[in-house]
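Some notes on the structure that comes next.
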2 protein chains.
Amino acid sequence: MAASRARRPERREEPLSRERIVEAAIGLLDESGEGGLTFRALARRLATGPGAIYWHVTGKDELLGAATDAVVTGAMTAATATATAGATPREAVRSLAVGVFDAIDAHPWIGTQLARAPAQSPLLRIFEHLGRQVQALGVPQAAHFTAASALLNYILGVGGQNAANALERRPDTTRAEFLDTVSTSWANLDADEYAFTRSVADQLRDHDDREEFLAGVDLIVAGITALR
Amino acid sequence: MAASRARRPERREEPLSRERIVEAAIGLLDESGEGGLTFRALARRLATGPGAIYWHVTGKDELLGAATDAVVTGAMTAATATATAGATPREAVRSLAVGVFDAIDAHPWIGTQLARAPAQSPLLRIFEHLGRQVQALGVPQAAHFTAASALLNYILGVGGQNAANALERRPDTTRAEFLDTVSTSWANLDADEYAFTRSVADQLRDHDDREEFLAGVDLIVAGITALR
DNA sequence: ACCTGAACACCGTTCAAGT
DNA sequence: ACCTGAACACCGTTCAAGT
């Protein structure tokens with residue numbers, strides 16, 4: 001380990017670039033969350049000073065945006081490939097949705113970030129691809145916007161919740177254990193005030209987040225097709 | 001103005017309390033956004049030192065949570081009153097949804113905050129009330145969780161977007177002007193890459209956010225009733 | 001019990017100075 | 001053109017000291 005590191009050619013020789021900075025930022029965000037992305041930590045990882053980063057990037061907001069953009073773009077190109085390979089609109093929507101879902105699962109910080117991207121370019125790309133499938137579903141043109149927005153907003157809502165859960169969950173507990181904890185806490189809520197929540201506490205315990213998410217997508221697709 | 005302030009009994013005499021702190025925090029958040037809530041600014045407004053606040057509140061996270069909780073609770077009690085006054089389930093869902101929508105419109109910062117509430121108590125209250133209406137819609141019990149979640153996540157997604165838009169929008173521009181700007185920018189997107197988005201750019205210009213939001217709620221309710 | 005405010009350990013960002 | 005790192009103006013939070 002020490003030997004291989006010693007033999008490796010000098011890392012610091014590679015010139016700084018926007019690409020390398022964004023890449024390092026993503027690494028930092030994945031490892032230690034939004035709080036872990038610091039200009040000082042980033043500079044340390046890139047073997048330079050904090051000021052150097054500002055020559056390539058205007059500030060932290062842009063950096064966060066670029067990192068989100070990079071991750072979402074990667075996820076989208078994979079998902080749209082499946083989507084265009086002769087699938088039904090419903091299948092294509094599911095594949096797009098699952099692409100975003102998995103991206104947020106792998107990088108929880110984008111769940112929070114997607115809701116505040118200023119240029120919104122990654123969001124717009126998702127919206128575009130969802131919209132094409134809405135068209136393919138054959139709904140009247142006047143309902144296109146509503147239908148595509150409903151899908152996107154649902155996906156963003158789940159993404160935000162998943163991101164929050166990932167933050168709340170202790171890193172050493174599995175998703176199943178976490179769901180179990182929530183489920184029992186729901187079951188112990190006040191019987192009058194939370195009658196409904198208590199009644200679905202059991203369902204929560206055995207749910208697969210991903211399946212549950214897709215069931216919601218199907219529900220909205222059903223609502224969309226009802227517009228025909 | 002100056003006279004009335006001079007005559008007013010000494011403000012600083014009122015003892016500090018969790019309530020007063022949360023109230024002042026909401027004021028700060030409303031006036032200058034998430035960045036405006038600072039322990040120093042809060043202390044100045046309460047005519048005390050930053051340390052005093054920590055005796056009543058464990059830290060900034062709890063403070064943000066308590067502020068969100070207070071605002072959402074207020075919005076919910078108003079909305080549930082309408083909801084229970086002999087309305088159809090669909091009307092009740094709309095009234096609940098609009099309650100959250102308007103609360104986020106009035107306090108954009110809760111749009112971001114709702115997606116990360118750790119205790120999630122305000123979210124759970126919304127979920128409970130939506131769930132009751134789902135029950136009233138007469139869907140099979142196995143679909144209760146999915147249906148209520150779909151509604152909640154859609155509402156949260158829109159809330160997050162509205163919060164982001166409120167931040168992005170210059171304070172001196174109206175919502176209509178903002179939509180107009182976005183609409184023309186969509187119309188100028190690449191014709192191939194953003195064919196769908198371009199095709200709905202016109203619809204965006206004349207849309208009322210609230211109506212559009214409710215159309216999405218109706219769409220999901222339609223999807224839910226299709227489960228019967 | 002409750003408040004004060006200086007002090008600590010951080011931030012993002014800037015900028016003179018270097019190469 | 002690109003990098004360096006000290007310095008500035010902030011943060012949240014703590015804590016000895018006061019009442």
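Within every chain, numbering begins at 1; the chains are lettered A, B, ... in the order of the sequence lines, protein sequences first and strands thereafter.
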I want to confirm an ordering. Mapping A:A52 and A:T38 to their closest nucleotides on DNA chain C, which one lands closer to the 5' end? A:T38

For DNA chain D, the dot-bracket pattern of Watson-Crick and G-U pairs whose distances stay under 3.5 Å, | for other-strand partners: ||.|||||...|||||.||

Distance check needed: D:dT13 P versus B:E62 CD, whole Å only. 11 Å

Side chain of B:W55 (C-beta onward), nearest among D:dG12, C:dA1, C:dT13: C:dA1

How long is the line joining NE2 of A:H56 and P of D:dA1, in whole Å? 13 Å

Of all heavy-atom pairs between A:A70 and A:I26, which one has the smallest distance, and what is that distance? CB-CD1, 4.1 Å

Of the nucleotides D:dG12, C:dG12, D:dC3, which has the atom closest to the B:F39 side chain? D:dG12

Minimum-distance nucleotide (side-chain atoms of A:L16 versus D:dC3, C:dA7, C:dT13): D:dC3

I want to know whether A:W186 and A:F196 have ring centres closer than 6.0 Å. no

Do NZ/NE/NH1/NH2 and the carboxylate oxygens of A:D105 and A:R210 come within less than 4.0 Å? no

Rounded to whole Å, please give me the gap between NZ in A:K60 and P in C:dC11. 9 Å

When you look at CD of B:E177, are more than 12 heavy atoms from neighbouring residues, nucleotides or ligands closer to it than 6.0 Å? yes

N-O pairing of B:R198 and B:D192 below 4.0 Å: no

Nearest-Å distance, OH (A:Y54) to C1' (D:dC3)? 15 Å

Output the rounded distance in Å from CG (B:L46) to P (C:dC2). 16 Å

